[in-house]
Amino acid sequence: MKLQPTASHFIDGAYVEDKAGAPIQVIYPATGEIMATVHAATPDLIEKAIVAGKRAQKEWAKLTGTERGRVLRRAADIIRDRNHELSVLETYDTGKPLQETLVADATSGADALEYFGGLAGSLTGEHIPMGEDWVYTVREPLGLCVGIGAWNYPTQIACWKAAPALACGNAMIFKPSETTPLCALKVAEILIEAGAPAGLFNVLQGMGEVGGALVTDPRVDKVSLTGSVPTGKKVYAAAAADMKHVTMELGGKSPLIIFDDADIESAVSGAINANFYSSGQVCSNGTRVFVQKGIKEAFLARLAERLKGAVMGDPQDEKVNFGPMVSERQMDIVLGYIEKGKAEGARIVSGGNQVECAGFFIEPTVFADVQDDMIIAQEEIFGPVMAVLDFEEEADVIARANDTEFGLAAGVFTRDLSRGHRVVGALEAGSCFINSYNDAPVEAPFGGVKASGVGRENSKEAIQHYSQVKSVYVRMGDCEAAF
Ligand code: NDP
């Protein structure tokens with residue numbers, strides 16, 4: 001098979017296989033072809049990874065931050081050197097166009113390793129004067145962290161979790177989604193090549209049970225999940241049993257509000273980025289597009305025109321800019337939502353069909369005249385389906401935008417910058433955009449409010465979620481007591 005990795009898992013610095021674990025087929029979403037088979041981790045391998053991670057973490061934490069950072073920065077350089085090869089793999093794993101993966105996946109992972117590598121040497125505590133006495137604080141690692149990934153950004157998710165975790169002196173066991181198991185193995189390989197000690201970053205394949213076994217193990221100190229809200233609720237509850245630290249990066253149904261003073265061309269670009277990048281399989285997508293009535297028809301006409309520029313085909317061809325769904329299952333889920341949208345009476349402006357081929361392609365689809373209570377306006381679809389809703393008043397659209405359990409992202413297009421800031425200030429979302437959508441630089445915090453998540457990835461904020469503070473009171477004189 002074309003992409004068969006050396007073995008399914010990466011434990012204690014080496015590839016490890018145990019075919020006793022359930023087989024997991026890796027399917028190229030553009031053709032349905034089986035590219036590799038890996039096996040779910042057995043209890044024995046889970047045990048080996050935990051023991052290796054615990055051991056490696058203790059040694060790693062003894063290094064200076066600068067020494068740890070050097071390893072991460074070297075890993076970033078290696079990833080950049082191999083960007084093309086890693087992007088080709090990411091495209092096979094996910095079906096996302098090479099045109100995208102060349103600039104958004106391994107490169108984003110390298111950014112995270114470089115950024116947190118740079119921060120590692122500056123992770124210090126503070127000195128708090130208390131008269132003659134004083135307190136000092138020490139920023140300490142949490143210990144062994146578990147990262148669990150979704151299938152849409154397998155390289156990026158592995159790096160976004162590993163980079164801050166390792167910078168703070170933790171070790172990690174990463175479980176990729178069973179749908180995209182290949183890319184994280186490369187991250188593990190590269191970290192070793194960059195000088196990380198064996199056992200510091202381990203990859204275990206498997207379905208939910210492997211994740212479940214890791215989350216409930218008392219030797220694990222932190223769990224960081226990227227996944228859906230229902231999985232997040234289960235994992236959060238399981239982690240709470242041992243009072244483990246958590247980061248939850250979950251789903252959304254984010255609003256994108258386009259006022260009638262917006263530049264239409266720019267707003268259409270924003271709506272395309274917010275719905276059709278990675279064929280709509282992006283958690284922060286702005287899938288409820290509220291368009292002010294004055295520009296509604298002009299917006300829809302221009303959008304339909306621009307969508308003719310979507311080029312489908314083999315995602316390994318750099319001219320292709322729109323790929324398939326990650327799996328047949330995901331394609332069926334999304335087609336089911338398109339049928340619901342039609343049945344609920346929303347108007348198809350563009351697309352709406354599966355593409356006749358062996359792969360899992362769906363046309364970029366736009367529904368207009370969507371009402372707030374329609375299923376396609378309420379549930380996360382995770383595919384190329386945009387719901388366009390009308391609005392007239394600012395206060396009304398803010399209330400409707402916030403009327404959801406989710407709170408991951410939100411965007412506003414307007415030429416009136418005071419309004420842009422005012423509206424964003426009122427929106428219940430963790431990551432907001434003004435006259436843009438879906439930018440996720442490592443320097444900026446990323447994460448959701450409400451059911452969309454707990455904690456933040458990227459930026460200095462992530463340090464808080466992979467370390468804890470010890471405070472030490474130092475008495476300079478004698479210690480006194482009441483009796
Ligand atoms: P899932 O929630 O189905 O799965 C996420 C991961 O959790 C997978 O690796 C899965 O394993 C694992 N898992 C499932 N059940 C358990 C369990 N009980 N204990 C431990 N681990 C478990 O999400 P998808 O993979 O379908 O990804 C899509 C979702 O991810 C969307 O809702 C999307 O919004 C969200 N997402 C959020 C992002 C964010 O940063 N906020 C970014 C990207 C996606 P397996 O699937 O192998 O069984």
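First listed ligand is number 1; within each ligand, the first listed atom is number 1. Computation of the quantities below employed the complete heavy-atom set of this structure, encompassing side-chain atoms and omitting hydrogens, waters and symmetry-equivalent molecules. Along the sequence shown, residues carry numbers from 1.
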Between ligand 1 and the protein, which N/O pairs fall short of 3.5 Å?
from: ligand 1; atom 1: 2 (O); to: Ser228; atom 2: N; distance (Å): 2.8
from: ligand 1; atom 1: 2 (O); to: Ser228; atom 2: OG; distance (Å): 2.7
from: ligand 1; atom 1: 2 (O); to: Thr231; atom 2: OG1; distance (Å): 2.7
from: ligand 1; atom 1: 9 (O); to: Gly149; atom 2: O; distance (Å): 2.7
from: ligand 1; atom 1: 9 (O); to: Lys175; atom 2: NZ; distance (Å): 3.1
from: ligand 1; atom 1: 11 (O); to: Lys175; atom 2: NZ; distance (Å): 3.1
from: ligand 1; atom 1: 25 (O); to: Trp151; atom 2: NE1; distance (Å): 3.3
from: ligand 1; atom 1: 26 (O); to: Trp151; atom 2: NE1; distance (Å): 3.0
from: ligand 1; atom 1: 30 (O); to: Gly227; atom 2: O; distance (Å): 3.3
from: ligand 1; atom 1: 32 (O); to: Glu380; atom 2: OE1; distance (Å): 2.6
from: ligand 1; atom 1: 34 (O); to: Glu380; atom 2: OE1; distance (Å): 3.2
from: ligand 1; atom 1: 34 (O); to: Glu380; atom 2: OE2; distance (Å): 2.6
from: ligand 1; atom 1: 41 (N); to: Glu249; atom 2: O; distance (Å): 3.4
from: ligand 1; atom 1: 41 (N); to: Leu250; atom 2: N; distance (Å): 3.1
from: ligand 1; atom 1: 41 (N); to: Leu250; atom 2: O; distance (Å): 2.6
from: ligand 1; atom 1: 47 (O); to: Lys175; atom 2: NZ; distance (Å): 3.1
from: ligand 1; atom 1: 47 (O); to: Glu178; atom 2: N; distance (Å): 2.8
from: ligand 1; atom 1: 47 (O); to: Glu178; atom 2: OE2; distance (Å): 3.4
from: ligand 1; atom 1: 47 (O); to: Gly206; atom 2: O; distance (Å): 3.4
from: ligand 1; atom 1: 48 (O); to: Glu178; atom 2: OE2; distance (Å): 3.1
from: ligand 1; atom 1: 48 (O); to: Gly208; atom 2: N; distance (Å): 3.0

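Between the side chains of Lys161 and Thr226, a donor-acceptor pair is found at a separation under 3.5 Å.
In this structure, Tyr153 has its ring center at least 6.0 angstrom away from the ring center of Trp160.
Atom CZ of Arg219 has more than 12 neighbouring heavy atoms from other residues, nucleotides or ligands inside a 6.0 Å radius. More than 12 heavy atoms of other residues, nucleotides or ligands sit less than 6.0 Å from atom NZ of Lys342.
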Review point. Do His39 and Gln205 pass the side chain to side chain contact (heavy atoms under 4.5 Å, CB included) test, and can you show the C-alpha distance, the side-chain angles, and the key distance before you say yes or no?
Key: CA-CA 7 Å; His39 293 266; Gln205 309 295 348; over 6 Å; no

Show me the donor-acceptor pairs, under 3.5 Å and distance only, between side chains in residues 144-151 and residues at least two apart or in other chains.
none

